[in-house]
Amino acid sequence: QVQLVESGGGSVQAGGSLRLSCLVSGYTGDALRSVCMGWFRQRPGDDREGVAVFCLGSGSRNYHASVRGRFNISLDTAKNTVYLQMNRLKPEDTAMYYCAADVTQNIMGWPLISTRYRHWGLGTQVTVSS
């Protein structure tokens, strides 16, 4: 059973940094090579949008245009943890951030589309004040 647990959210002033962590369980060994893991966010009243996704098999990283150059997604396979380093945060980055994972065949070339993912964490809140 795949489980995802996020941590690291909080409140920060604009221009600051935060690092989100997502502990992933349920994928082991070679299964990790066939998985995409990523971060999505959702503001009240908005759809959930893809922020950053890392597909292990291809090594590809995909980012939402609004965070490219500011955010970085990485994976520590020894700790089964995917990170989102967020720098130069802006008030518009305020949202609930969710970790997601699924096998590459379900992503079907659309890594930033939330409906492609079956496995989700409960989320962690990020608030950026101006």
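Hydrogens, waters and symmetry mates are skipped; everything else that's a heavy atom, side chains included, is used.
Atom SG of Cys36 sits about 10.0 Å away from atom CG of Leu112, to the nearest 0.5 Å. In this structure, the separation between CG on Asn72 and OG on Ser74 is 5.5 Å, given to the nearest 0.5 Å. Rounding to the nearest 0.5 Å gives a distance of 11.0 Å between CD1 of Ile107 and OG of Ser58. Note that the CZ atom of Arg48 and the OG1 atom of Thr115 stand 11.0 Å from one another [nearest 0.5 Å]. Taking CZ from Arg61 and CZ from Arg68, the interatomic distance works out to 14.0 Å, rounded to the nearest 0.5 Å. Atoms CD and CG, from Gln3 and Asn80 in turn, are 12.5 Å apart once rounded to the nearest 0.5 Å.
A continuous path of Ile, Leu, Val, Met, Phe, Trp and Tyr side chains, each step under 4.5 Å between heavy atoms, connects Val53 with Tyr98, placing both in one hydrophobic cluster. No chain of hydrophobic side-chain contacts below 4.5 Å, direct or via other Ile, Leu, Val, Met, Phe, Trp or Tyr residues, connects Val51 to Tyr83.
Thr81 approaches Ser21 most closely through the heavy-atom pair CG2-CB, 4.0 Å. Scanning all heavy atoms of the two residues, the minimum distance from Gly8 to Leu18 falls at O-CD2, 4.0 Å. Considering all non-hydrogen atoms of both residues, Arg70 and Arg88 come closest at NH1-O, 2.9 Å. Contact detail for Ser17 and Asn87: the closest heavy-atom pair is OG-OD1, 3.0 Å. Here the shortest heavy-atom pairing between Ala52 and Leu84 reads CB-CD1, 3.8 Å.
Counting only distance, with no hydrogens or angles, the side chain of Gln13 and the backbone of Ser129 share no donor-acceptor pair below 3.5 Å. Glu6 contributes a side-chain N or O that, together with a main-chain N or O of Leu122, makes up a donor-acceptor pair within less than 3.5 Å.
Glu49 has its side chain within reach of Arg43: a pair of non-hydrogen atoms, C-beta onward, lies under 4.5 Å apart. The side-chain heavy atoms of Asp102 and Arg116, taken from C-beta on, include no pair separated by under 4.5 Å. In this structure, the side chains of Trp39 and Cys99 come closer than 4.5 Å at one or more pairs of heavy atoms. Counting heavy atoms from C-beta outward, Leu20 and Met86 have side chains that approach closer than 4.5 Å. A heavy-atom distance below 4.5 Å is found between the side chains of Tyr63 and Ile73.
Each of Val24, Leu23, Val82 was compared with Leu4 under the side chain to side chain contact (heavy atoms under 4.5 Å, CB included) criterion, and only Val24 meets it.
In this structure, Tyr117 and Phe40 have perpendicular ring planes: the angle between them is above 60°, well past the 30° mark.
Shown here is Asp47, whose CG atom has no more than 12 heavy atoms of other residues, nucleotides or ligands within 6.0 Å.
Cation-pi contact between Arg41 and Tyr97: absent, since separation from the ring centre below 6.0 Å together with deviation from the ring axis within 45° is not met.
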Worked check of side-chain contact (heavy atoms from CB on, under 4.5 Å) between Gln125 and Thr94: CA-CA 8 Å; Gln125 177 68 36; Thr94 295; 4.0 Å; yes

